[in-house]
Amino acid sequence: ERGAIEQRLPAVFEDERRVAVWLTVLNRGGCGNRGRRLREQREKLDDQMRSGYSAREAAQLWNRWRGLNSEIYRSRC
């Protein structure tokens, strides 16, 4: 089974580390609960930000939002 997955790798994934991450995600069946939790956290934070925030909170909220987005991206979710 692993050989079949490796044969379908796109040419973009020439870096071995990226290939290993991609195979891990495929073998795990996606990002599972972690990805769902990250997306739920981002949705709650997005709702909070849309309802308004003070100037003091702005940097903290935006940094947290960017952090969640980068975690989702790194997790391939």
Please round to the nearest 0.5 Å and tell me the distance separating atom CZ of Arg42 and atom CG of Leu38. 9.0 Å

Would Arg50 and Asp46 pass as an ion pair if we require N to O under 4.0 Å? yes

Can you see which heavy atom on Ser70 is nearest to which on Gly67, and at what distance? OG-O, 2.9 Å

Rounded to the nearest 0.5 Å, how far does CD1 of Ile72 lie from CZ of Arg34? 9.5 Å

Say you draw a straight line from CZ of Arg36 to CZ of Arg39; how long is it, rounded to the nearest 0.5 Å? 8.5 Å

Going by side-chain contact (heavy atoms from CB on, under 4.5 Å), Trp65 matches just one of Asn69, Asn63, Leu61. Which one? Asn69

Ion pair Glu71/Arg74, N-O distance below 4.0 Å: yes

Crowding at CZ, Arg66 (>12 non-hydrogen neighbours, <6.0 Å): yes

